[in-house]
Structure formats: structure tokens, C-alpha cells
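Positions are given from 1 along the sequence. None of the values given here were measured: they were computed from a predicted structure.
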Amino acid sequence: MSGSLLILGTSSGAGKSTIVTGLCRWLRRRGVSVAPFKAQNMSLNSYVTREHGEIGRAQVVQAQAARVEPEVAMNPVLIKPGTDTSSQLIVLGQPVGDLDAGRAWHEKRHLLEVVVEAHADLRRRFDVVICEGAGSPAEMNLRASDIVNLGFARAANVPALVLGDIDRGGVFASFVGTLAVLHGADQDFIKGFIVNRFRGERALLEPALTQLRALTGRAVVGVVPYAHGLELDAEDATDFSSWMESEAPRGEDVLRVGVIALPRASNLTDVDPLVSEPGVVVRVVTRPEQMLDCDLVMVPGTRATVRDLAWLRARGFAEALHRRAAAGGPVLGICGGYQMLGTNIVDDVESRDGEVDGLALLPVRTVFQPNKILAQRAQQLDDGSWLRGYQIHHGALVRDGGEELFVGEGCVVGAVSGTTWHGLLENDQWRRRYLEAVARRVGRRFVVDPSTSFAQRREERIDRLADLVEAHLDGDALMALLEGSGSSTPPRLELRRHGDVVETTAR
């Protein structure tokens, strides 16, 4: 077998990443070597590969589902918003400059060759490549510079299925409307539809499924039911949906963790291991007073350290964090959040604001460097256990006092800690020890579950996604598309106006 399939969506948040993850594990179970691919990702949640390249976190979990090592070819173009008007452009894992919002979409057209070659590279090395689109292919204002949806599909000759979220309502109108506004040559690559997040009996949908096929000449190849608890690494750094539920505590008490919702927060996937801990209740903090009953406050990473620091001050967080630290309340800063907790920041790279005062809760100075630090890290502790994480930052930090958080990394003064490592809380033993220390300091009768494994829970969720694919998608139709036998050209849908009436006609 040698083929590719592109999963498009009627909108952002339709579940493309989730379905691609399930498809990768489903195929791997069948003995197929498979790789995920997303030509262009716009995300503040990223990861560093073994070759020291930066890619979106969604493709990392998809690679895990495929049981392969994540690599830059799986996400050749990554766009990381820094302000409302500019974004950092990362090509094949390395930053190459900034994109201005007014010109960005037109300047990206030259990257089509890059993404097509990256996809071709994966095709040469894997039986199947499962590709993910971005947003919606019906965003007509972006079509001329599209390198991730049908612009990519046509350039790489990849058939596509369109996914729609029925839980939002209007899914069948979205299917028909998406198809109808596409150019005829783009429509040729749309081979069918997938209904996602359905609640109820599939039989109730049959009349609509039949009518959709009559209108478009394309079948629905699956109806995936709504499933709770399957959230995996989100692309959107402001997606807090996976934090809403927590398991019952193992001891007499819960531990309350507040995460400050910085405007440009990045790598909020650092919080996910806490959500997996029974008895840990994670909440979003947008005002200083919401920290009052938190046992631990986290200041996360950010793509705009100096500007988000100014936001903290304007909202009254600086004074509140000082009061908290003076009272012995635990605070943990990660990456940009760690830099903010220091004494000062010299930034002639990101904000270009020069030297600014930090919050002075940790004796740490930060100087931003032009070259971005992208690295995987591993450190053996005194007890023989290993910590693993990764770094993504421009700022070089110098510690002038305090203690190390662990050997060679971070800073601790009292109950305030900071680290440059992303993924630190994914280390089960270290996370448990840290949470136990927080609980002792604040007097909570919180007990960690010694059996909780974040990696195992992620594996379980991936397997549940594969089970959904197995049970609710038409495997024969999917395999036919991948093998090329199901890729005949379906009819084109035309919009025709008769007076005040608009009709759709399949031809």
C-alpha cells in the first residue's frame, strides 16, 4: 500500500486532529507503517524533535499514535502568533523570520514547494501518510495562498474527506456549502464526508445521509459518536476544555491549581499532566483575586514575554504575586513565566523594548538572544531517576542566587520556583514529589496516586480513538481511498441562481 489521505474540516475545532490521531493508531494496528502530516500549523503549543526542530504538539501525539518518532517533515511550516499583527514563521523546524498579518497569507505561497517535498519524503518512507488540514477549505479569501488544504491536495494529488461537527449544529448545510463554494477542480479532490460528535442513534440520520449523497454525489464514510475524556494536545493555546473535569481525590482533600491565562500563553500542554492527577483541580485565572484560594499558581510559557509581563502588571497580578510569595504561597513559572519572575529582562529580539524590570521573585536575569534555543533535555537525579523535557526560548538565563530546582536547571526561593523546561510535569515521579511538597506547604490533606502514569493515560486515550475509528468509520472505503481504487472523480456541485432562488446542482 502507498497512499495519502487528507482530513479537512468544515471549521476550526471540528475534530480534525483527533480523527487523524485515531486513524494513525487504527492503521498501525493493521500493520501499516503510517506517518502524520500537517503542511502548515498555526499554534502556540509546540515541541522539539530529536533533530532540534520545532513542530506543533498535535503532530507529536499523532506520531505517538503511529508509533513513530516525530520529525520536522510532519509539520514543515509552523506559524506562532506573537502579537495581534505578527507571527514567527518556522520552516522545517527552524525560525526564519516574522510574518506581518497584512502580508502573511500572500508571502506563504512560495512555501508550497517546501510542504509538497516534505510530504513526498514521508511518502517514500511510509506506507501511508494521514494529512490534516487547517480551519476550513471554504475560506475563499485564503485560497490563493493555501498550502495546507486544497492547495496542498491538488499540488500533492491527495484525496480528501471533509469532517463536520454535528454537535455544533448545521453540519449538513456546512457539508453542502463547503463543497458548493469551492472551485470545480478543488471539488474533484473531495471524496466524502465524516460526521463527528454525534449524540444518538445513527438511524435517525439516515434520511439526511441519503439526501446529502443525492445532493453532492458523495457518501458519508462514518458517523463518530460524541465521546468524553479524549482530549489530547490541543493546537490552540487558549483551549481550556480539557481542564474542566478532574478525578476524585485519593486522600481527604483536593489540590487547587490556578493557571494565569496570559494573552499569548504558549505550551499550555505543560498543564495537562496535572489534569490527569486524581484530586488536582485546575482552573483558569484571569483576575488576581482568583488566586486567593489556589494552592499552587502557575505562570506558563508565552510567545511575548515582555508584553505579557506588562499585562500582568496592568491587571494587578504583580502585587498579588508578591503578596502570595511573602505568605509562602507556591508559585511555579515555566519558560517565559520563569523569566517574568526574575529581576530583569533585556529584550532586543522579541519585543525590542530593551531592559525591563521583572517581578523580582527569583534572582534570575534574562537576556534575549537572536538564536532560538531548541533542544531536548535529559537529566539524571541523585536517586538514579531521569527527568526529560525540552526547551524553546530566546532568553538566556543567569541565576544569581537561590537554589537549583534540580541539577543544573531552574531556580527556587522559598515557595517560588521556575524552570525553562517544557514537559517537566510529564515526569511522573518528579510531578508527584512536587505536588506532595506543595500540599505539605499549604496544609492540604492531599494524597498523590502512586500509580498515575501520564504517558499511559495518553496511550489509553489514543487507543480509545482508534476503537472509535474501527467501530464507526467505513474501513473498506478508507482503504480503497488509500489504495487509489476509491478515488474516482465525483460530480461537481454548482450554485445556480434563478431570480431570488439559489439552487445547487450536481454535475
Side-chain angles (χ1 to χ4, degrees), residues 44-45 80-86 236-240 243 256-271 274 282-368 392-395 397 399 402 405 410-420 422 438:
L44 285 171
N45 289 339
K80 301 186 72 172
T83 69
D84 290 338
T85 59
S86 68
D236 187 352
T238 58
D239 182 0
F240 308 119
W243 300 1
R256 298 176 177 87
V257 178
V259 182
I260 299 178
L262 301 173
R264 293 294 174 185
S266 64
N267 282 73
L268 284 176
T269 47
D270 287 330
V271 182
L274 296 179
V282 179
R283 66 175 65 160
V284 181
V285 172
T286 57
R287 301 190 308 273
E289 57 270 23
Q290 293 172 326
M291 299 191 305
L292 293 175
D293 64 343
C294 289
D295 303 310
L296 169 65
V297 171
M298 288 182 62
V299 189
T302 170
R303 225 335 244 130
T305 303
V306 169
R307 289 188 174 91
D308 278 0
L309 176 59
W311 178 88
L312 281 179
R313 286 197 165 98
R315 301 277 289 199
F317 276 101
E319 295 84 354
L321 286 169
H322 272 276
R323 290 193 297 269
R324 179 179 181 84
V331 177
L332 175 62
I334 299 178
C335 199
Y338 175 28
Q339 295 168 359
M340 294 180 195
L341 297 178
T343 55
N344 70 312
I345 300 170
V346 179
D347 181 11
D348 295 321
V349 176
E350 195 174 79
S351 68
R352 297 180 176 85
D353 285 351
E355 185 169 357
V356 298
D357 292 333
L359 297 176
L361 295 178
L362 292 174
V364 172
R365 294 173 287 119
T366 301
V367 177
F368 275 68
I392 305 173
H393 58 91
H394 282 281
L397 287 84
R399 183 172 61 86
L405 183 61
C411 183
V412 179
V413 173
V416 181
S417 305
T419 178
T420 63
H422 295 292
V438 169

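- Summarising the geometry of Pro330 relative to Asp295, their closest heavy-atom pair is CD-O, 3.2 Å, with the distance given to 0.1 Å.
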**Derivation and outcome, salt bridge (Lys or Arg N to Asp or Glu O under 4.0 Å), residues Asp357 and Arg313** = CA-CA 11 Å; Asp357 292 333; Arg313 286 197 165 98; 5.6 Å; no
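- With a 4.5 Å cut-off on side-chain heavy atoms, Leu309 and Gln339 do not count as touching.
- Atom CD1 of Ile345 and atom CG of Asp353 lie 10.5 Å apart (nearest 0.5 Å).
- In this structure, the side chains of Asp347 and Thr366 stay at 4.5 Å or more apart for every pair of heavy atoms.
- The distance from atom CZ of Arg303 to atom CG of Leu262, rounded to the nearest 0.5 Å, is 14.0 Å.
- The structure places OG of Ser266 at 7.5 Å from CG of Asn45, a figure rounded to the nearest 0.5 Å.
- One distance of note links CG of Leu332 with CG of Asp270; it measures 9.0 Å at 0.5 Å rounding.
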**Request:** Show your working on side-chain contact (heavy atoms from CB on, under 4.5 Å) between Phe368 and Ser351 and close with a plain yes or no.
**Result:** CA-CA 10 Å; Phe368 275 68; Ser351 68; over 6 Å; no
**Asked** Is there a side-chain contact (heavy atoms from CB on, under 4.5 Å) between Val306 and Glu350 once you walk through the steps?
**Response** CA-CA 8 Å; Val306 169; Glu350 195 174 79; 5.9 Å; no
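- Here the shortest heavy-atom pairing between Val285 and Arg287 reads CG1-O, 3.5 Å.
- Between the side chain of His322 and the backbone N or O of Leu359, at least one donor-acceptor pair lies under 3.5 Å.
- Nearest heavy atom pair, residue Ala325 against residue Val416, reads CB-CG2, 3.7 Å.
- Looking only at distances, a side-chain donor or acceptor of Thr343 sits under 3.5 Å from a matching main-chain atom of Val364.
- In this structure, the side chains of Ile392 and Cys335 stay at 4.5 Å or more apart for every pair of heavy atoms.
- Considering Val259, Thr269, Ile334 as possible partners of Pro300, the one that fulfils the side chain to side chain contact (heavy atoms under 4.5 Å, CB included) test is Val259.
- Side-chain contact between Asp293 and Arg283 is present, with heavy atoms from C-beta onward closer than 4.5 Å.
- Between Arg315 and Ile260, the closest side-chain pair of non-hydrogen atoms is not below 4.5 Å.
- Taking every heavy atom of both residues into account, Met340 and Thr305 meet most closely at CE-O, 3.5 Å.
- Asn267 contributes atom CG, which lies 6.0 Å from atom NZ of Lys80 (distance to the nearest 0.5 angstrom).
- The distance from the NE2 atom of His393 to the OG1 atom of Thr302 is 14.0 Å, given to the nearest 0.5 Å.
- In plain terms, the two heavy atoms of Arg264 and Asp308 that are nearest each other are N-OD2, 3.1 Å.
- For Thr286 against Ala261, the heavy-atom pair with the smallest separation is CG2-CB, 4.1 Å.
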